[in-house]
Number of protein chains: 2
Amino acid sequence: MSRQGTTAGGAGGGAQRRATVVDVARLAGVSTATVSRVMNRNYPVAAATRERVESAMRELGYVVNAHARALAGASNRTVGIIVSELVDPFYAYIARGVEREASEGGRLCLICCHQGDPQRELAFIELMHERRADAVVLVGGSVDDRAYKAELARRARELDAGGSKLVLCGRPSLGDDVPTVGVEYDNEGGAFALTDHLITQGHERILYLGGPPGLSTAHDRLVGHRRALELRGLPRDPQLEHPGPFSRTFGYRRMVELLRDGPAFTAVFGANDNVAAGAAQALEEAGVRVPQDISLVGYDDVPVAQELRPRLTTVRIPLEEMGRQAVRVAIGGDDEDDWRAPTTGTLRLGTHIVVRDSVARAPRRG
Amino acid sequence: MSRQGTTAGGAGGGAQRRATVVDVARLAGVSTATVSRVMNRNYPVAAATRERVESAMRELGYVVNAHARALAGASNRTVGIIVSELVDPFYAYIARGVEREASEGGRLCLICCHQGDPQRELAFIELMHERRADAVVLVGGSVDDRAYKAELARRARELDAGGSKLVLCGRPSLGDDVPTVGVEYDNEGGAFALTDHLITQGHERILYLGGPPGLSTAHDRLVGHRRALELRGLPRDPQLEHPGPFSRTFGYRRMVELLRDGPAFTAVFGANDNVAAGAAQALEEAGVRVPQDISLVGYDDVPVAQELRPRLTTVRIPLEEMGRQAVRVAIGGDDEDDWRAPTTGTLRLGTHIVVRDSVARAPRRG
DNA sequence: ATGAAAGCGCTAACAG
DNA sequence: CTGTTAGCGCTTTCAT
């Protein structure tokens, strides 16, 4: 394992001193200002000089220090994304939108997963603020807790005071007096449409499964569901509402229990596709046919919806687009002058039902 | 839109001057050194003083500037992840491992997707180097191109010279003289085992579908497949090998074509689960039963493998664990002294077949 | 077209 | 226990 520092750049392993502008300047026989100018191409430099500087940089293996650069004034070209779980397609697609939009704007993304813990979420916002991210995108529903919201508002103000923006992506605003921007989609309306679709097919007893109580997304969907019931004059039976995690596992387990000793129903509304997928598995294992015996719907239209057999009827959300808009709405109106960028603007994206094969007319009542 | 610095921190919208250590120090009536000490808790400070400083920080809405901190010496506590696609579960699970391990070590992750473009990948490595990431994790197979590899080696050396590490996660080493660390799993062996499993079940004509030619992962899997064939004395029919993207779409389309006018076969080996999922759909639509008529296997054991009906027999890779090890192997032996951390160590993780329901004995030959 | 020098905000010796 | 001070590497006026 012998090693002999032959190459410029050092012999590896330790933290040798990296080349700096000063080194480059010296080697090229110019001033540091000139080096800076050739890097940033924002000022005329003689071709010959540029040539020498660039070759010096190459020879030294020079790589500019982004921290020094950020400190000296330039934006650090970073946007932060905070999600609860990276492997969940719902978040993954939004994150992809954020990443692509950021990347196209020459920015890099800081990402982190709080795994459903509001405290971690808050801590991550702080970390990204320390890094002076141009924007911090908070993805997904938020918990309904007074102290938490107050803390969030405080962070939003701090961020704003420094010229950054807190972006609420898929969650309600914190109030007009809190400087945030947002990108939303319609949870209430989508759920309403879905339940209405079910009712139209003759379903009157619809099992509602999943959605953490206290999470904004879950709350809105449930409200939409109830509104549809009400509008059609159907009773709301608490026995049919089963809040819980947005997870496949929950959908599966609860469905198994309910199949064993639950109330009667002809359709199942999974609060998201994951829950519906879990329910589908339980139904399958119990020998219940979808949609002949029981109809099933989900929400989000993530890939699993098309993977399921029968394919799942669900609500499509423009996930990736939301991610893109999140950074656009935060960055777009921020460096362009102070062009009256709405400090508290909220963009609302549309959703729509995707009818596939998991819903049929309700069986004749016994 | 008048603004009147009423609140500490300003009234929002623009880039007000943020509070700095100097401001805090002044307000608390101490020196900046003391402020630094209370923040870092790395040096004794009188309780009363600390109290005053902390309250000053609160009052000013002070948030430390990570760039200044990084510049002044401390590590910036960042690890970079470079994947080709965030929403692909293969990458998502590895990324999750990286993120969790990093997060547990108090680090934040920079992430980016090159979408299969080696040039973008290289560019991102540079960007992360500029940010002085402690480690840059390159995830997934690499293209077999001389110039590309040389460039990668150069970047690895630069990174190493600065005390960072390039981590090769799921791709071959660049050679003993290139300072990288790596975490691998066995592509060749897993494919060998899978094909052998198929042969044991009486299959002699196995269609091999997908895997971009020139991508290391794809190459190794194909080699394993061929070796199993050879070892059992089965002929290798070029007609049965159909390289292509690692995508569901490719699996579907090519399967459709092959079903129409391809050679005879009794089993399909999808180079990964995505391809297998696509093939499964084509098979289903063509009325071909799996596994009675045709057996099907995949690789990776991502969630879709369990979603498919019948459930897919595949090879399990410890995806998340690979991600965790990637940062461990890069960070672990780096700040602990210069404890002869192997500069070019490669960790190899095990894989194993997961037998589910998509393989049956080959139908009697007609 | 190029150079000199003043910071950016923080940490880390080194003194008290 | 606390203050002073010298950088860290880069950008950016202001000169030349």
Side-chain angles (χ1 to χ4, degrees), chain A residues 15-54 56-57 60-77 127 129-132 158 161-164, chain B residues 15-54 56-57 60-77 127 129-132 158 161-164:
Chain A
Q16 276 71 42
R17 208 177 70 72
R18 305 184 208 222
T20 73
V21 265
V22 177
D23 302 318
V24 176
R26 185 157 36 212
L27 182 56
V30 298
S31 75
T32 64
T34 301
V35 175
S36 171
R37 295 200 263 256
V38 343
M39 288 198 299
N40 297 301
R41 318 182 152 286
N42 55 0
Y43 219 80
V45 172
T49 315
R50 139 157 298 134
E51 195 66 12
R52 265 185 304 142
V53 171
E54 284 177 339
M57 299 202 302
L60 261 26
Y62 172 76
V63 176
V64 62
N65 183 324
H67 299 299
R69 180 176 271 179
L71 193 54
S75 144
N76 49 316
R77 313 240 106 206
L127 249 26
H129 187 173
E130 290 181 2
R131 256 107 161 154
R132 300 299 187 258
E158 279 179 10
S164 301
Chain B
Q16 277 70 43
R17 210 178 69 72
R18 306 184 206 222
T20 73
V21 266
V22 177
D23 302 318
V24 176
R26 186 158 35 212
L27 182 57
V30 300
S31 74
T32 64
T34 301
V35 175
S36 171
R37 295 198 264 256
V38 343
M39 288 199 301
N40 297 302
R41 322 183 149 284
N42 55 0
Y43 221 79
V45 173
T49 313
R50 138 157 297 133
E51 194 66 12
R52 264 185 306 141
V53 171
E54 284 176 340
M57 298 203 302
L60 261 27
Y62 173 76
V63 177
V64 62
N65 183 323
H67 299 299
R69 179 178 272 179
L71 193 55
S75 145
N76 49 317
R77 312 239 107 207
L127 250 26
H129 186 173
E130 290 181 2
R131 259 111 161 147
R132 300 300 187 258
E158 279 180 9
S164 300

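Below, all heavy atoms of this structure are taken into account, side chains as well, without hydrogens, waters or symmetry copies.
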How close or far is atom [atom2] of [N] from atom [atom1] of [X], stated in whole angstroms?
X     : N      : atom1 : atom2 : result
A:R26 : C:dA4  : CZ    : C1'   : 16 Å
B:M57 : C:dC10 : CE    : C1'   : 14 Å
B:R50 : D:dC1  : CZ    : P     : 11 Å
B:R41 : D:dC1  : CZ    : P     : 15 Å

side-chain N/O A:T49 vs C:dT2 OP1/OP2, d < 4.0 Å: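 Result: yes.
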Supply the atom-to-atom distance B:T20 OG1 to B:N65 CG, rounded to the nearest 0.5 angstrom.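 Rounded to the nearest 0.5 Å, the OG1-CG separation comes to 10.0 Å.
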At 10 degrees resolution, what angle do the end axes of the helix from C:dA1-D:dT16 to C:dG16-D:dC1 form when each is taken over five base pairs?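 Axis-to-axis angle, ends of the helix: 30°.
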Got [X] and [Y] here, is their nearest side-chain heavy-atom distance under 4.5 Å?
X      : Y     : answer
B:R132 : A:R18 : yes
A:V21  : A:M39 : yes
B:Y62  : B:E54 : no

Search all heavy atoms of B:V63 against all heavy atoms of A:E130 and return the closest pair with its distance.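 B:V63 and A:E130 have their closest heavy atoms at CG1-CG, 3.7 Å.
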Once base and sugar-phosphate atoms are separated, protein heavy atoms under 4.0 Å mark nucleotides 6-16 of chain D, 5' to 3', with B, S and - as -BBBBSB----
Taking B:H67 for the side chain and A:R131 for the main chain, is one N or O donor matched with an acceptor at less than 3.5 Å? yes
Return yes if some donor-acceptor pair links the side-chain N/O of A:R52 with the main-chain N/O of A:A28 below 3.5 Å, else return no. yes
Pairs involving residues 20-34 of chain B, ordered by first then second residue, that meet salt bridge (charged side-chain N to carboxylate O under 4.0 Å, His left out) (sequence neighbours left out):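 Applying salt bridge (charged side-chain N to carboxylate O under 4.0 Å, His left out) to every pair that reaches into residues 20-34 of chain B, excluding sequence neighbours, yields B:R17-B:D23, B:D23-B:R26.
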